[in-house]
Protein chains: 2
Amino acid sequence: MKILIVEDEIELLETITSYLKNEDFMCEKASTFFDAEDKLISFKYDIVILDITLPDGSGIDLLKTIKKHSPNTGVLIVSAKNSLDDKLTGLDLGADDYITKPFHLAELNSRINSLIRRRKFAGDDTIEFNEITVFPSSKTATVNGKPVELTKKEYNLLVYFITNKNKVLTKESIAEHLWGDDIEMADSYDFIYTHMGNLRKKLKKLGAPNYLQTMYGLGYKFADK
Amino acid sequence: MKILIVEDEIELLETITSYLKNEDFMCEKASTFFDAEDKLISFKYDIVILDITLPDGSGIDLLKTIKKHSPNTGVLIVSAKNSLDDKLTGLDLGADDYITKPFHLAELNSRINSLIRRRKFAGDDTIEFNEITVFPSSKTATVNGKPVELTKKEYNLLVYFITNKNKVLTKESIAEHLWGDDIEMADSYDFIYTHMGNLRKKLKKLGAPNYLQTMYGLGYKFADK
DNA sequence: TCTAGAATATGAAGATTTTAATTGTTGAAG
DNA sequence: CTTCAACAATTAAAATCTTCATATTCTAGA
């Protein structure tokens with residue numbers, strides 16, 4: 001998933017970039033109109049985060065350029081302006097979403113993810129970890145090239161772990177992520193043990209090491225060794 | 001669900017109010033600091049939508065008043081300012097969420113709903129339609145006072161219909177609302193027929209009329225007659 | 001090191017959800 | 001007024017998810 005971030009405030013540009021890199025996106029930066037235009041014509045991006053208030057040109061023109069050269073690229077407009085007109089103009093011209101400064105990075109992240117979902121960019125993309133490969137477009141996965149028969153919950157569990165590799169995930173966060181509103185928190189979470197067991201069993205059967213490590217009293221971690 | 005809207009821009013105040021009334025919230029308005037303070041002390045609200053930039057007093061002080069008199073009230077701060085400081089101050093002082101002008105009414109609505117979910121305000125609240133009563137706090141429902149044994153999907157289905165009574169809901173929107181990411185759109189939606197049938201059967205068994213009307217080729221409508 | 005209690009794992013039963021096949025219904029076109 | 005095809009309902013079976021009872025593992029503290 002390749003993202004171009006167009007933002008003239010250097011500090012904010014760096015903040016966003018390092019945050020999104022940490023979320024496992026491939027990021028490139030552009031801090032001027034011409035830099036952005038150049039990169040947009042030369043390379044293909046899945047998503048462009050576009051500040052429309054640039055000092056040396058209008059972001060709206062960049063939006064037109066994007067839609068002309070690669071109509072499948074998703075555009076998330078960032079603006080400090082309070083004008084509703086900007087918002088509407090942007091959305092009319094084909095932007096996919098709009099976020100007003102200041103914003104929390106978490107919100108930016110969630111908008112990017114909802115954009116990915118809506119547009120099904122996932123089509124071109126795979127998520128990998130050693131011998132395991134996940135294909136979001138078809139919601140399937142393979143181990144050493146052999147397909148794993150995963151149920152919906154197991155698939156979601158695997159994706160959640162693989163996209164948060166090397167991080168300890170608590171049962172609470174797993175429950176929140178996979179079940180959301182449907183689950184009353186502070187319940188027993190017993191079912192997670194079951195799903196973990198089933199997922200481990202299926203991955204093991206196809207020859208993957210047990211990456212799903214139990215961190216006693218803390219949660220689980222998906223990692224090597 | 002009782003909501004107080006504190007906003008000095010009269011036009012916006014009216015817009016928000018009529019929108020939220022249409023979403024079946026009980027709304028009251030306050031356009032000045034003193035009006036708001038008066039109402040906050042005299043009545044109990046589940047949620048306060050609070051513009052912190054009032055001409056005759058600081059919204060931050062109102063926030064303190066709210067937290068002092070009724071700590072369980074949820075507060076959604078509205079601000080035109082771009083300052084991150086305001087946001088943090090507000091959240092530190094006990095606000096539950098923050099939205100920057102300008103915003104779409106749909107976004108306001110979704111934030112209110114997520115606030116309701118998080119705080120479990122639903123505890124005090126019921127949703128009713130003739131002989132049917134839904135208790136969000138326990139995720140249960142009754143018909144003529146007799147409990148209906150509903151599964152999770154059936155419960156969600158009933159809530160979605162009853163909170164959108166008299167509106168035609170397409171199979172697509174039902175699928176999106178109940179299954180969200182977990183479902184690939186443009187699928188068959190066959191399972192909705194099954195769930196509809198099961199829900200109808202259970203409601204009928206307890207003596208409720210068939211409110212779940214089929215709108216051939218369009219979807220379903222939950223309504224009288 | 002040993003032990004008790006908490007945390008996690010496992011397997012099978014029970015409940016729910018989804019699929020699939022069949023039957024019934026609707027409304028537009030002839 | 002028919003016919004036909006799309007839409008919807010119904011039912012049973014299959015798959016999945018959750019619960020429950022039991023077993024195992026882990027860790028802090030004796």
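Here the structure is a predicted model, which is why all the values come from computation and not from measurement. In what follows, chains carry the letters A, B, and so on, assigned in the order in which the sequence lines appear, proteins first and then strands, with residues in each chain numbered from 1.
Counting to the nearest Å, the P atom of C:dT10 and the NZ atom of A:Lys202 are 15 Å from each other. Distance, B:Gln213 CD to C:dT26 C1': 16 Å, rounded to whole Å. Between A:Lys153 atom NZ and D:dT19 atom P the separation is 12 Å, expressed in whole Å. The CZ-C1' distance, from B:Phe191 to D:dT16, rounds to 14 Å in whole Å. Remark: P of D:dC7 and CD of B:Glu172 are 10 Å apart, rounded to the nearest angstrom. Summarising the geometry, the separation between NE2 on B:His195 and P on C:dT16 is reported as 12 Å, rounded to the nearest angstrom. Whole-Å rounding puts the A:Asp190 CG to D:dA23 C1' distance at 14 Å. One atom, OH of A:Tyr193, and another, P of D:dC26, lie 14 Å apart when rounded to the nearest Å.
Between the side chain of A:Thr73 and the backbone N or O of A:Tyr45, at least one donor-acceptor pair lies under 3.5 Å.
When the side-chain nitrogen and oxygen atoms of B:Trp179 are compared with OP1 and OP2 of C:dT17, none of them lie within a distance under 4.0 Å. Remark: B:Lys152 is not in phosphate contact with D:dC17, judged by side-chain N or O atoms under 4.0 Å from OP1 or OP2. For B:Arg200, no side-chain nitrogen or oxygen approaches OP1 or OP2 of D:dT10 to under 4.0 Å.
If you check C:dT18, C:dA12, D:dC17 against the side chain of A:Thr194, the one that comes closest is C:dA12. Closest contact between the side chain of A:Lys201 and the listed nucleotides C:dT18, C:dG11, D:dC17 involves C:dG11.
Under the 30°/60° scheme for interplanar angles, the aromatic rings of B:His195 and B:Trp179 are found to be tilted. Using cut-offs of 30° and 60° on the angle between ring planes, the pair A:Tyr211 and A:Phe222 is tilted.
Residue side chain B:Thr214 does not reach the base of C:dT25 through any donor-acceptor N/O pair under 3.5 Å, judged by distance alone. Judged by distance alone with a 3.5 Å cut-off, no donor-acceptor contact links the side chain of A:Tyr189 to the base of C:dA7. For A:Tyr216 against D:dA28, a side-chain-to-base donor-acceptor contact under 3.5 Å is absent.
Judged by closest nucleotide on DNA chain C, A:Gly219 is the one of B:Thr151 and A:Gly219 placed further toward the 5' end. Both A:Ile192 and B:Gly197 lie near DNA chain D, and the one whose nearest nucleotide falls closer to the 5' end is B:Gly197. The residue among A:Glu154 and B:Asn198 whose nearest nucleotide of DNA chain D lies closer to the 5′ end is B:Asn198.
Within 4.0 Å of A:Tyr155, counting heavy atoms only, lies no atom of the nucleic acid at all.
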Exercise for the section: Assess whether side-chain contact (heavy atoms from CB on, under 4.5 Å) is satisfied between B:Val148 and B:Leu158, documenting all intermediate values. Expected result: CA-CA 11 Å; B:Val148 206; B:Leu158 175 60; over 6 Å; no
Pair B:Glu7-B:Lys29, salt bridge (charged side-chain N to carboxylate O under 4.0 Å, His left out): steps then yes or no
CA-CA 8 Å; B:Glu7 170 61 62; B:Lys29 297 175 277 189; over 6 Å; no
